[in-house]
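Heads up: the structure comes next, in structure tokens.
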Amino acid sequence: MSKLGNLGARLYRGEVGYDFIGKRKIWYGLSILITITALVGLAVRGLNMGIEFSGGAVFTTPKTSVSASEAQHKAESAAGGHQAVVQKLGGGALRIQISGLDTKQSLPVQEELAKDLNVPVKDVNTQLVGPSWGEEIANKAWLGLGIFMVLVVLYLAIAFEWRMALAALIALIHDLTITVGVYALVGFEVTPGTVIGLLTILGYSLYDTVVVFDSLKEASKDITKQNRFTYGEIANRSINSTLVRSINTTVVALLPVAGLLFVGGGVLGAGMLNDISLALFVGLAAGAYSSIFIATPLVADLKGREPQMKALAKRVKAKRAAAAAKEGSQEDTEDSAPAPADGEDGAAVVGPRQQPASRNRGRGRPSGKRR
């Protein structure tokens, strides 16, 4: 068995473990800090909305020797300062997106681009995207997100309980906030692919959280009938028992997404891949973090406020205090007892060569003489 598999088995059996619940205030503080940073980035820089949401024109040019950075400069100059996004296509062609252009403005920009890039005007393909279409997409995305959240809460409340549903909802909002904040800080363009990525990570984050919740539900069955563990301790054991599984699942999911983001988008320059790959990469990592460090500790906090769980915690504490006092008294008794001297009762183990004389009377060894 591999070392990781051996560790997973020991974690599952409770032989080793890390106190996630006991250090939950550290994770809460870290999450609050990350969330505040994301919100500040969102408020200061804002989201770089794609042309599908803001409206504008898309120009596709034939093969040209002009670089993407040079074409971006020429496009923004031709558009009168409007922001342009240039992507290098296969065969040397360019895809130029300019936000905020209408039908009247697109024709002179098309002619200026053809002149600057030294290509025929008729070979520059122009497509216009109205802002109403982007607004419709955004509204549908918000509607889909709201329906998803409601269904998640209802399912978890029925399958588990309302405390787990509330904790899962907070974890999902936590993941969304961090992902959107990273988009604002990095400056990547928000496209329909970004929306798809956000909805995808919500499902993954929920799956990872439900795995831990299912283990916790099974382990905490009839918890009030015992006095060995508190609810928080059982929740901590549930996290540890599924820890290796969560790590393996997250790593396997992040590897192909990292390939899309860093190799496809960074090395090969396939900018369209960045729309979905960044959302997936940040969201998958945040989802794995929140299921372990946020969702389950929140459940332990909410559940620990119940009168039954408070009474259980008191019984466990009293039992452990009594056991510790009993063990301490036994140690004190053993330390204070005088050591028995040789020859006293119980001082030595009577063996074959130490039998009392009275027992051996008449049982001496034969002299060897015949009678």
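Along the sequence shown, residues carry numbers from 1.
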(message) For Pro297, is there any backbone N or O sitting under 3.5 Å from a side-chain donor or acceptor partner on Tyr28?
(response) yes
(message) Between Ser77 (side chain only) and His73 (backbone N and O only), is there a donor and an acceptor less than 3.5 Å apart?
(response) no
(request) Verify, without hydrogens or angle tests, whether Thr177 (side chain) and Thr35 (backbone) share a donor-acceptor contact under 3.5 angstrom. (result) no
(request) Please answer whether the main-chain N or O of Ser291 pairs with a side-chain N or O of Thr296 as donor and acceptor at a distance below 3.5 Å. (result) yes
(message) Could you measure the distance from the OG1 atom of Thr209 to the CG atom of Leu169? Nearest 0.5 Å is fine.
(response) 11.0 Å
(request) Answer yes or no: is there a donor N or O on one side and an acceptor on the other, between the side chain of Thr249 and the main chain of Arg245, under 3.5 Å? (result) yes
(message) For a quick test of reading the model, state the closest non-hydrogen atom pair linking Ser205 to Asp175 and the distance between them.
(response) OG-OD2, 2.6 Å
(request) May I ask whether Val211 and Tyr18 are part of the same hydrophobic cluster, defined by side-chain heavy atoms of I, L, V, M, F, W, Y residues being less than 4.5 angstrom apart, directly or through others? (result) no
(message) Is there a side-chain contact between Leu255 and Val251 in this structure, where contact means two heavy atoms from C-beta onward sitting under 4.5 Å apart?
(response) yes
(request) Heavy atoms only: give me the nearest Phe281-Ala258 pair and the separation to one decimal. (result) CE1-CB, 3.9 Å
(request) Verify the cluster assignment for Ile170 and Leu39: are they in a single hydrophobic cluster under the rule of side-chain heavy atoms below 4.5 Å apart? (result) no
(message) Are Leu145 and Trp142 packed together at the side-chain level, in the sense that at least one heavy-atom pair is separated by less than 4.5 angstrom?
(response) yes
(message) Below 30° counts as parallel, above 60° as perpendicular, anything between as tilted: where do the rings of Trp27 and Phe20 land?
(response) tilted
(message) Assess whether a salt bridge exists between Lys303 and Glu306, defined as any Lys/Arg side-chain N lying under 4.0 Å from an Asp/Glu carboxylate O.
(response) yes
(request) Kindly indicate, with the supporting measurements, whether the criterion side chain to side chain contact (heavy atoms under 4.5 Å, CB included) is fulfilled by Met309 and Ile223. (result) CA-CA 9 Å; Met309 298 305 156; Ile223 185 177; 3.7 Å; yes
(request) Evaluate the side-chain proximity of Asp123 to Thr61: yes if any heavy-atom separation is below 4.5 Å, no if none is. (result) no
(message) Using side-chain heavy atoms (C-beta onward) and a distance below 4.5 Å, is Leu156 in contact with Leu206?
(response) yes
(message) Any heavy-atom pair between the side chains of Ile96 and Leu117 that's under 4.5 Å?
(response) yes
(request) Go through the steps for Ile21 and Ile239 under the test side chain to side chain contact (heavy atoms under 4.5 Å, CB included), then give the verdict. (result) CA-CA 9 Å; Ile21 303 299; Ile239 296 176; 3.9 Å; yes
(message) Under the criterion side chain to side chain contact (heavy atoms under 4.5 Å, CB included), I'd like the reasoning laid out for Lys115 against Glu111: C-alpha separation, chi angles, the key distance, then a yes or no.
(response) CA-CA 6 Å; Lys115 180 181 178 181; Glu111 295 175 351; over 6 Å; no
(message) Testing the basics here: between Ser277 and Val257, what is the closest heavy-atom pair and its distance to 0.1 Å?
(response) O-CG1, 3.4 Å
(message) Let me check something: do Ile98 and Leu107 share a hydrophobic cluster, defined by ILVMFWY side-chain heavy atoms less than 4.5 Å apart, either directly or through other members?
(response) no
(message) Taking side chain to side chain contact (heavy atoms under 4.5 Å, CB included) as the criterion, tell me which of Val299, Leu298, Val210, Val153 meets it with Met164.
(response) Val299
(message) Are Leu185 and Val190 connected into the same hydrophobic cluster when the rule is that any two of I, L, V, M, F, W, Y join if their side-chain heavy atoms are below 4.5 Å apart?
(response) no
(request) For the pair Asn125 (side chain) and Thr60 (backbone), establish whether a donor and an acceptor sit closer than 3.5 Å, ignoring hydrogens and angles. (result) no
(message) If I take atom CG from residue Asn236 and atom CG from residue Asn240, how far apart are they, to the nearest 0.5 angstrom?
(response) 5.0 Å
(request) Could you check if a side-chain atom of Thr126 sits within less than 4.5 angstrom of a side-chain atom of Val109, using non-hydrogen atoms only? (result) no
(message) Looking at Arg320 and Arg228, would you say the former's side chain and the latter's main chain have a donor-acceptor pair under 3.5 Å?
(response) yes
(request) For residues Ile178 and Val282, report the shortest heavy-atom separation together with the two atoms involved. (result) CG2-CG1, 4.2 Å
(message) Under 4.5 Å between side-chain heavy atoms, counting indirect links through other Ile/Leu/Val/Met/Phe/Trp/Tyr residues: same cluster for Ile173 and Val150 or not?
(response) no
(request) Please answer whether the main-chain N or O of Ile234 pairs with a side-chain N or O of Arg237 as donor and acceptor at a distance below 3.5 Å. (result) no
(request) Any chance you could measure Phe213, atom CZ, to Asp208, atom CG, to the nearest 0.5 Å? (result) 10.5 Å
(request) Mark yes or no for whether Ser290, through its side chain, and Gly287, through its backbone, hold a donor-acceptor pair below 3.5 Å. (result) yes
(message) Is the shortest side-chain heavy-atom distance between Phe160 and Leu216 below 4.5 Å?
(response) no
(message) Any heavy-atom pair between the side chains of Leu176 and Met149 that's under 4.5 Å?
(response) yes
(request) Nearest 0.5 Å please: distance from the CG atom of Leu254 over to the CG atom of Leu280. (result) 9.5 Å
(message) Working to the nearest 0.5 angstrom, can you tell me the gap between Thr230 OG1 and Lys310 NZ?
(response) 14.0 Å
(message) What's the separation between atom OG in Ser238 and atom NZ in Lys217, rounded to the nearest 0.5 Å?
(response) 13.0 Å
(message) Does Gln226 have more than 12 heavy atoms from other residues, nucleotides or ligands lying within 6.0 Å of its CD?
(response) yes
(message) Main chain of Val244, side chain of Asn248: is a donor-acceptor contact present, judged purely on distance under 3.5 Å?
(response) yes
(message) Show the nearest heavy-atom pair for residues Leu312 and Tyr231, with the distance to one decimal.
(response) CD2-N, 4.4 Å
(request) Return the minimal non-hydrogen interatomic distance between Ile201 and Leu284, and the atom names on each side. (result) CG2-N, 4.1 Å
